[in-house]
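Naming convention: chains lettered A, B, ... in sequence-line order (proteins, then strands); numbering from 1 in each chain.
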Amino acid sequence: MVYLNLLFMKQEVVDIIQKALENLKVPWGLDSIPEIDIEIPRNEAMGDIATTIAMGLTKILKKSPRKIAEEIVDAIKTNIIPPIPPLEKGGEGGFDIFESIEIAGPGFINFRLSKAFLHAKLEQLLTEGHSSLRTDLGEGRKVQVEFVSANPTGPLHVGHGRGAAVGNALCNILKAAGFNVQKEFYINDAGLQVKLLGESVFARYLQLLGNDAPFPEDGYRGDYVELIAEEIIKRTGEEYLNKSFEECGEFFTNYAYKMMLADIAKDLKDFGIVFDRWQSEKELYEKDKVQSSLTALQQKGFIYEKDGAKWFSSTNFGDDKDRVVVKQDGEYTYFASDIAYHKDKLDRGFDTIIDIWGADHHGYIPRIKSVLEAFGLPKEKFRVILIQMVALLRRGEPVQMSKRAGEFVTLREVVDEVGADITKFIFLTRRADSQLEFDIEIAKEQSAENPVFYVQYAFARISSIFRQAIEKGISGQQSAVSSHDVGARRCRALLKEDEELSIIKKLLQYSMVVEGAALSCEPHRITYYLQELAGIFHSYYNKHRVISDDEQLTNARLQLCEAVQIMLKEGLSMLGVSAPERM
RNA sequence: GCGCCUGUAGCUCAGUAGGAUAGAGCAACUGCCUUCUAAGCAGUGGGUCAGGGGUUCGAAUCCCUUCAGGCGCGCCA
């Protein structure tokens, strides 16, 4: 058992309870120790950290939960808690983790952390910085997260932006939780949709050159189609004017979608999101992976022929019906390349596969899950995050989004108008699977009340305090607050106001929040955590002065401020949001 | 018709893998800047957790059902 190696308070407590249960296992006649639930009480008066284990054991032990709790507490108090060793040579001796352990309500065991423990953890955060905030939940396991994957047939719209923000934040969180993460964008460059884009561009091309060509019925009508046609004219002149689409369709299709793809990549980059890898659907065909993945399924006995088509028997894995993979006309279905793509992910050695889709694709989950199970992936290793629609409003009035008519609001337009930080933050203040109202005017004009500024403001405020301190010659420079030396440690011991201790406790909760967000794939938990941390800091700031005549207290509070700043920066970086030093 | 998601304060949403007295922001009202950034703070009011039934020590959370909204149910992509 190693204490103080991570900025964590959960593990220490779990270890202690576990030891107590080991001691009680025999008298209780238990074979094994149950899972230990740890939670943060909603009310600070109830303690800093609590367990419900006693209530969970009532059924097995047939005793009242309070009686069980008493036995556990007794075991902890008599011989479990080891004193924390001195922090380093020359330290001031050991101390207890807990100030008190109490039984409350129906059988909660409430632990209150000692000030010495909190001060020691603060020191750790200051000395180790961001690295103390990384956990090893993932143990380096490889996770692949595929997101956005918009068809390269038009610019990204706001819904894609939401998926991008969520996916990117999730990846950051998974990395912080110790997973080895790859971010991937899947390019649907092989199907009829890109061909339709090519036809649309070709029609515009002919029209621009004075030819009265018909426009494809379901063609893409956005202005960008014409821009691509203009670009082609600029580069090749009238070379294709007298040719048919059959003759030059490939050129138009390739040119068009590649140009769109470049636009998409740029939009994402300007939104602050960069992918590790882009996988082309077409390439899967060219490298024969579609055929070979179907062969692999066939060898496993999951492919059969019926009505002149080939089917994947996904009902073996809980799907509603079997799915066609090769049509009667011999063509592959879209699903066939999806099979190849997901098999390819497995072949690349990922332990867990996370797909982030628009919620309108939810009907696809069972069949993809079937594919992965057929190839041997345990079903809990495949996760789909559904991104619900974004309802775009302007002063409460819905903004029309009709892709067919070509007038839909692009991500770029929103980001240009509102800003990337605000847009991302708003996307991350809601669970992914709940519909989101995004009012452009409110996001922009009520910016003073915008939660993103609330968090950033706390960061900027602390920066300002440090500027002030430097001006007064109190602290040479911000991170030079020497947290190693004994003087700084004595100063920290002066942090004993309720608000100060609350802030430290909040800081210690971070790793739990990250792990929870990683396990549940819910980045918005970080957003809420940051708002809470900023809230208690703002409150503290208004109640207590950081810089005062008391040199030691000033030093202590500057250290606390620095710790908060480290945390705010860490959290904001998870969300892909900046931490400005001035606002 | 079948399936998935959602329903929590006037509005927008959280509610931590079943826990303690259900929270935040906005909106409304009352205070706080000659001292580190008022993009802030302190306080007040606001709830049949859509309705009903069940599971248990304990339910906003799990199960069944009704209602309401959204989205899916092609050999389309």
Side-chain angles (χ1 to χ4, degrees), chain A residues 35 37-43 45-46 50 52 55-56 58-59 64-65 104-108 110 151 153 188 190-196 281 307-311 320-321 323-329 331-335 337-338 358-366 386 388-389 391 396 426 429-431 433-437 439 442 446-454 456-458 460-469 471-472 509 512-513 516-517 519-520 522 524-525 527-529 531-532 534-535 537-548 554 557-558 561 582-583:
Chain A
E35 190 85 1
D37 282 333
I38 287 291
E39 57 185 54
I40 307 295
R42 57 164 57 80
N43 188 341
M46 297 165 180
T52 59
M55 291 177 283
T58 45
K59 242 177 265 169
S64 82
F108 291 94
N110 293 335
N151 275 344
T153 53
N188 292 121
L192 291 173
Q193 295 305 313
V194 284
K195 191 181 169 208
L196 188 57
E281 179 187 8
D307 305 333
K310 285 188 180 178
W311 301 69
D320 293 341
K321 45 185 147 183
R323 307 289 171 178
V324 173
V325 290
V326 180
K327 294 186 269 183
Q328 280 180 339
D329 62 9
E331 294 283 314
Y332 293 109
T333 61
Y334 173 82
F335 179 50
S337 55
D338 257 357
D360 53 345
H361 288 75
H362 66 80
Y364 247 69
I365 295 175
L386 295 176
Q388 272 293 352
M389 297 189 354
I426 290 176
T429 47
R430 256 115 225 179
R431 284 206 332 270
D433 63 359
S434 72
Q435 290 169 38
L436 166 65
E437 284 193 11
D439 194 310
I442 289 176
Q446 291 195 339
S447 59
E449 306 294 345
N450 201 306
V452 65
F453 291 118
Y454 186 79
Q456 288 180 322
Y457 187 55
R461 245 183 175 169
I462 296 173
S463 299
S464 170
I465 293 172
F466 275 102
R467 284 195 294 271
Q468 194 83 18
E471 216 169 274
K472 291 186 177 175
Q509 289 171 18
M512 286 176 73
V513 176
L519 287 172
S520 60
E522 292 179 347
H524 74 277
R525 295 191 192 191
T527 316
Y528 279 87
Y529 171 82
Q531 293 185 68
E532 287 163 15
F537 177 76
H538 284 309
S539 175
Y540 172 64
Y541 176 91
N542 272 271
K543 194 166 171 187
H544 302 284
R545 275 195 68 79
V546 173
I547 297 171
S548 68
T554 299
R557 289 182 172 172
L558 284 173
C561 284
R582 292 173 201 271
M583 290 174 71

In whole angstrom, give the distance that lies between atom CG of A/Asn542 and atom P of B/rG31.
18 Å

Does the side chain of A/Arg430 come under 3.5 Å of the side chain of A/Thr527 through a donor N or O and an acceptor N or O?
no

Paired with B/rC49: which nucleotide, if any, by Watson-Crick or G-U wobble criteria at under 3.5 Å for both distances?
none

A/Thr153 and A/Leu196: CA distance, side-chain angles, deciding distance, side-chain contact (heavy atoms from CB on, under 4.5 Å) verdict:
CA-CA 9 Å; A/Thr153 53; A/Leu196 188 57; over 6 Å; no

Just say parallel, tilted or perpendicular for the rings of A/His544 and A/Tyr540, cut-offs at 30° and 60°.
tilted

How long is the span from the CD1 atom in A/Ile465 to the CD atom in A/Gln468, to the nearest 0.5 Å?
9.0 Å

For the residue pair A/Val513 and A/Tyr528, establish whether any side-chain heavy-atom pair is separated by less than 4.5 Å.
no

Hey, is B/rC11 sitting syn or anti, using the within-90° cutoff around 0?
anti

B/rU34 -> Watson-Crick or G-U wobble partner, both distances under 3.5 Å, gives none

For B/rA60, the Watson-Crick or wobble counterpart (both distances under 3.5 Å):
none

Could you check how far NZ of A/Lys472 sits from C1' of B/rC36, rounded to whole Å?
7 Å

Tell me which of A/Thr429 and A/Ile547 sits closer to the 5' end of RNA chain B, going by the nucleotide each one is nearest to.
A/Thr429

Take atom NZ of A/Lys543 and atom C1' of B/rG40, then tell me their distance rounded to the nearest Å.
16 Å

Taking for A/Glu437 and for A/Val546 the nucleotide of RNA chain B with the nearest heavy atom, the one nearer the 5' end belongs to A/Glu437

I'd like to know whether A/Thr52 forms a side-chain contact (heavy atoms from CB on, under 4.5 Å) with A/Glu39, so could you lay out the CA-CA distance, the side-chain angles of the two residues, the decisive distance to 0.1 Å, and finally the verdict.
CA-CA 8 Å; A/Thr52 59; A/Glu39 57 185 54; 3.8 Å; yes

Identify whether any heavy atom of A/Asp338 sits under 4.0 Å from a base atom; if not, whether one sits that close to sugar-phosphate; answer base, sugar-phosphate or nothing.
nothing

When you check the phosphate oxygens OP1 and OP2 of B/rC36, does a side-chain N or O of A/His544 lie under 4.0 Å from one of them?
no

Name the nucleic acid region contacted by A/Tyr541, choosing base, sugar-phosphate or nothing; use a 4.0 angstrom heavy-atom cut-off, strictly under.
base

Using the C1' atom in both, what is the distance from B/rA27 to B/rU12, to the nearest Å?
11 Å

Tell me the interatomic distance from A/Phe108, atom CZ, to B/rU16, atom P, rounded to whole angstroms.
14 Å

At under 4.0 Å between heavy atoms, what does A/Ala458 touch on the DNA or RNA strands: base, sugar-phosphate, or nothing?
nothing

According to the Watson-Crick and G-U wobble definitions, with both distances under 3.5 Å, which nucleotide is paired to B/rU44?
B/rA28

Counting just side-chain N and O atoms, does A/Thr527 come under 4.0 Å of either OP1 or OP2 of B/rA14?
no

Is there a Watson-Crick or G-U wobble partner for B/rC67 with both distances under 3.5 Å, and which nucleotide is it?
B/rG7

B/rC62 and B/rG18, which share atom name C1', separated by this distance in whole Å:
8 Å

Could you measure the distance from the CD1 atom of A/Ile547 to the CZ atom of A/Phe466? Nearest 0.5 Å is fine.
8.5 Å

Rounded interatomic separation in angstrom, taking CZ from A/Arg431 and C1' from B/rA17
13 Å

Whole-angstrom distance between B/rA22 and B/rG40, as gauged at atom P
28 Å

Just by protein heavy atoms under 4.0 Å, how would nucleotides 54-59 of chain B read 5' to 3' in B, S and -?
---B--

I need the CZ-P distance between A/Arg430 and B/rG15, as an integer number of Å.
12 Å

Whether over 12 other heavy atoms sit under 6.0 Å from A/Lys543 NZ:
no

What nucleotide among B/rC36, B/rA14, B/rU21 has an atom nearest to a side-chain atom of A/Asn43?
B/rU21

Expressed in angstrom and rounded to an integer, what is the separation of A/Ile462 atom CD1 from B/rG40 atom C1'?
13 Å

For atom C1', what is the distance between B/rU8 and B/rC49, given to the nearest Å?
4 Å

Which value, in whole Å, describes the distance between the P atoms of nucleotides B/rC64 and B/rA24?
33 Å

Nearest heavy-atom pair of A/Ala309 and A/Lys327: which atoms, and what distance?
CB-C, 4.2 Å

Using the side-chain contact (heavy atoms from CB on, under 4.5 Å) rule, take A/Trp311 and A/Val326 through it: C-alpha gap first, then chi angles, then the decisive distance, then the call.
CA-CA 7 Å; A/Trp311 301 69; A/Val326 180; over 6 Å; no

Inter-nucleotide P distance (B/rU30, B/rA38), Å rounded:
22 Å

Distance only, no hydrogens: is a donor on one side chain within 3.5 Å (strictly under) of an acceptor on the other, for A/Ser337 and A/Glu281?
yes

My understanding is that a pair needs two contacts under 3.5 Å, Watson-Crick or G-U wobble. By that rule, which nucleotide pairs with B/rC2?
B/rG72

Separation of A/Ile40 atom CD1 from B/rA14 atom C1', in whole Å?
17 Å

Would A/Arg461 pass as a cation-pi partner of A/Phe537, given that its NZ or CZ must be under 6.0 Å from the six-membered ring centre and within 45 degrees of the axis?
no

Across all strands, who's sitting opposite B/rU16 as a Watson-Crick or G-U wobble pair, both distances under 3.5 Å?
none

Look at the side-chain N and O atoms of A/Arg557 and state whether any lies under 4.0 Å from the OP1 or OP2 oxygen of B/rC36.
no

Could you encode protein contacts along nucleotides 70-77 of chain B as a string, one character per nucleotide from 5' to 3', using B for base contact, S for sugar-phosphate-only contact and - for no contact, with a heavy-atom cut-off of under 4.0 Å?
SBSSSBSB

Would you mind classifying the nucleic acid contact of A/Ala50 as base, sugar-phosphate or nothing, using non-hydrogen atoms under 4.0 angstrom?
base

By the 4.0 Å heavy-atom rule, please label A/Arg545 as base, sugar-phosphate, or nothing.
base

Among the nucleotides B/rC36, B/rG19, B/rU6, which one has an atom lying closest to any side-chain atom of A/Thr52?
B/rG19

